[in-house]
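Each ligand, and each atom within it, is numbered from 1 in the order the structure gives. Bear in mind that the values here come from a model prediction, so they are computed numbers and not experimental data.
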Amino acid sequence: MAVLVCGGAGYIGSHINKQLHKEGHETVVLDNLVYGHREAVKWGAFEQGDLKNTEDIERVFQKYSIEAVFHFAAFAYVGESVTEPEKYYYNNVANTLNLLKIMKKYDCKKIIFSSTCATYGEPEVIPITEELPQNPINPYGMSKLMVEKILMDYHNAYGIQFAVLRYFNAAGADPEGELGESHQPETHLIPLVLDAAAGKRPDIKVFGTDYDTPDGSCVRDYIHVYDLATAHLLALHHLEKGGESDFFNLGNEKGTSVLEVVEAVRKVTGKEFKATLTDRRPGDPAKLVGSSRKAKRVLLWKPVYEDIEEIVRHAWNWHENAEY
Ligand code: UDP
């Protein structure tokens, strides 16, 4: 029996593939390598293919006996989703229907789905808990919410068991230095600040300093990718034990501002670099902090790398010697 990791060549999927392997699972990564890196698939089998082609998915289900699916294969550029929603609804929603169709055909009943705090939109209450209203403000968040709803319907009609994991800001890198974050193009704060520290870009732009937050810059909840990976394995165990299909936030429950991230990078790297204060980036809520109490209670999840400096240190170790 094997576990299928769709999008396992990407940042988060590659870390889960590693942990699955460490736990003794046979894994198969299915990735189209549009954004993923072949070098990030260091464990298990690799099959290149695209979820838009049902025959690519079926080929994998014929070749391996798939007991559960982890699904990370999605486009995730919020800004692009606003200008090109069609791309997001086809790739993130329609292609997931293809995956579910083949799962159903091969009687594979377990799926762990990568969702996002972007499904909540502008939160009315902080910290965000799972039962708060979900009103995404961009097509990326909407595409993930649509899949959440589809999973509920497939659960009721076909007995698919699911765990939906809503991430806050995934950050950091493999503590053993074998994997890290590498997006092309890069839009995420921590890798961009590290680029500035490494002298690969002239400065880091701080988007907005007039938010209603303690230092005026945006506050986010940075969660170590290693801890995210651990939660995914616990979610699989939960389903294997017959636990209920459910939705879980995964965050640090702690807000860190953009300026605090910049300071953490200065401290960890010992490098001086310029932070340029600029206008707000459209669509950025002032503050996003999640409550992960439910994941801790139900999945018995215990994050271990909660300190922003430790998160940055792992990211910097990777950044300095990045293989891809
Ligand atoms: N940010 C910034 N400068 C950058 C990139 C991001 O100030 O060059 C800010 C952004 O406005 C947000 C935070 O950093 O408040 C985290 O942004 P990121 O794109 O990493 O993740 P998001 O919260 O959008 O998912």
A.B. asks: Do we get R166 above F248's six-membered ring, with its NZ or CZ under 6.0 Å from the centre and within 45° of the axis?
C.D. replies: no
A.B. asks: Tell me whether the NZ or CZ atom of K87 lies within the 45° cone about the ring axis of F75 and under 6.0 Å from its centre.
C.D. replies: yes
A.B. asks: Would R280 pass as a cation-pi partner of Y211, given that its NZ or CZ must be under 6.0 Å from the six-membered ring centre and within 45 degrees of the axis?
C.D. replies: yes
A.B. asks: Report all protein residues having a heavy-atom distance below 4.0 Å to some atom of ligand 1; order the list by chain, then number.
C.D. replies: N169, T187, H188, L189, L192, I204, K205, V206, F207, C218, R220, Y222, V258, R281, D284
A.B. asks: Can we say K254 and D221 salt-bridge, meaning some charged N sits less than 4.0 Å from an Asp/Glu carboxylate O?
C.D. replies: no
A.B. asks: Quick one: pull up CG in L233 and NE2 in H25 and give me the separation to the nearest 0.5 Å.
C.D. replies: 5.5 Å
A.B. asks: Go through the steps for K296 and E253 under the test salt bridge (charged side-chain N to carboxylate O under 4.0 Å, His left out), then give the verdict.
C.D. replies: CA-CA 11 Å; K296 289 175 178 163; E253 308 190 296; 2.7 Å; yes
